[in-house]
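Down below is the structure, laid out as structure tokens.
Naming convention: chains lettered A, B, ... in sequence-line order (proteins, then strands); numbering from 1 in each chain.
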Amino acid sequence: MELLCLEMDTNIRARPDPNLLRDDRVLQRLLTIEERFLPQYSYFKGVQKDIQPFMRRMVATWMLEVCEEQKCEEEVFPLAMNYLDRFLAVVPIKKCNLQLLGAVCMFLASKLKETRPLTAEKLCIYTDNSIRPQELLEWELVVLGKLKWNLAAVTPNDFIEHIVRRLPLPEDKLALIRKHVQTFIALCATDFRFAMYPPSMIATGSVGAAICGLQLDSADHCQWGDSLTDLLAKITNTEVDVLKECQEQIERVLESSLREGRQQQQQQQTQRGPSGKGLDELDQSSTPTDVRDVNL
Amino acid sequence: MASHKSMLSPLRGTRRARRNLFGPVDRDQLQVDYQAALRKDLDEASRRWGFDFKSDEPLETGDFKWEGVPETRVPLLYRSCVVAPRRAEGPRVADATVLTKGARVEKENLPQTPEKRAGELEALERTPEKGDTAGLKRKQTNITDFYQAKRKVVWMPRKSGE
């Protein structure tokens, strides 16, 4: 027998398994167990003394950037945020250790989900060497203990395929929809107001927001309109009003983050003066194409 | 994650991802906190299982009744690599266990990254403090470093609230 080594630098992945995606039991099971992995308290109102919601946002944005730059799997960032929130719900932490915690959470999430996980050394570099690999490994153990080694948390990403496949969507648009949903989910993970929401609700709201944003419902608006929300609500057993509210909240968060981005851009432009068009700026002006697609 | 690049880039402007967010870390305090957290974990585990993991003895007050099982009667996986003094009369067996266990752990800890990739990343991954990076891969802590326990009762019902 001849053995061929076809190993390449790209990650080989399994195809979506229709047995898992079409069986309703899988979705129902996910819905049953998802609550187990929610943070137990809104921790800024009790447990945490030194850290503030805006600091969570800072560390979250940083984590997202690291995951992007390292081309992590999509679920690594939301999963890492789940670890972070669950830890913060039980252990008070000082501001100066928050980035260490963020790095530890990425380290764990990456190990759980990726073929080639992030290394401790690399993560330390991303903190500008403010932490050492040894500290990362030590605190990994502490975080694991506090999470009771329950790492395989349900994330909003787990629901995407289950929801999307139950909707009458044009096949050629599925990839784009998925991409937008993932982006909305990441956005929600950076915002503390979503930290206590069940993952299924965030996923459902994100699918709704993505479909509306892409105006896939515009051709026959009357038919989709409310019925999209109804259909979505039914798939994940969410209440229609709650879902609507969630979707609107997601859209508001996107809008404000885009506005903030534009302001930042303008600030940078004025700082640099009209003639100072740097490389960064060129890069920026070419990036928000997807945002225009969302059409706010 | 290419999609985020375009849609979420407004979130961050043109900063570098490599940055220190909240100023210098108090190393000594961090180490103190770490030791305290481990001790607390161990105490909680002791209370929960009614077993003193430090002295390797059952607690009088626990809910469980502990029973010793000879190491040879449990699967290899459950054998401890820490040789307890009172088992010293059987050095043959103990040595064999240590060896097997050691070999297995070693293999598990081998980095799976292909050589080529590892080489590429080396420059990036090297931290300025040289010397302490060399032994890191091996130094990753095992749970057994802190819980020097032998599993004597193999199965137990899980407590609720997990």
Contact origin within A:L144 toward chain B - heavy atom pairs under 4.5 Å:
neither
Over all heavy atoms of both residues, which pair between A:C96 and B:V25 is shortest? Give the atoms and the distance, please.
O-CG2, 3.6 Å
Restricting to non-hydrogen atoms, name the atom on B:A17 and the atom on A:E69 that form the minimum distance, rounded to 0.1 Å.
CB-OE1, 3.4 Å
Note: A:V142 and B:A37 closest approach over all heavy atoms is CG1-CB, 3.7 Å
Can you measure from CG (A:D128) to CZ (B:R19) and round to the nearest 0.5 angstrom?
10.5 Å
Atom NZ in A:K94, atom CZ in B:F22: separation rounded to 0.5 Å?
14.5 Å
Taking the side chain as every heavy atom from C-beta outward, state whether B:K40 and A:K146 have any atom pair closer than 4.5 Å.
yes
A:V59 versus chain B, heavy atoms under 4.5 Å apart: side chain, backbone, both or neither?
both
Side chain of A:W62, backbone of B:L21: donor and acceptor closer than 3.5 Å?
no
Let me know if A:Q263 has heavy atoms under 4.5 Å from chain B in its side chain, its backbone, both or neither.
neither
Can you see whether B:Q31 engages A:E138 through a side-chain donor-acceptor pair at a distance of less than 3.5 angstrom?
yes
Are there more than 12 heavy atoms of other residues, nucleotides or ligands under 6.0 Å from atom NZ of A:K95?
no
Sub-4.5 Å side-chain heavy-atom contact between A:L100 and B:L30
yes
Applying side-chain hydrogen bond (donor to acceptor under 3.5 Å, both in side chains) to A:R86 and not counting sequence neighbours gives A:N82
Of all heavy-atom pairs linking A:I131 and B:R27, the shortest is CA-NH2, 3.5 Å
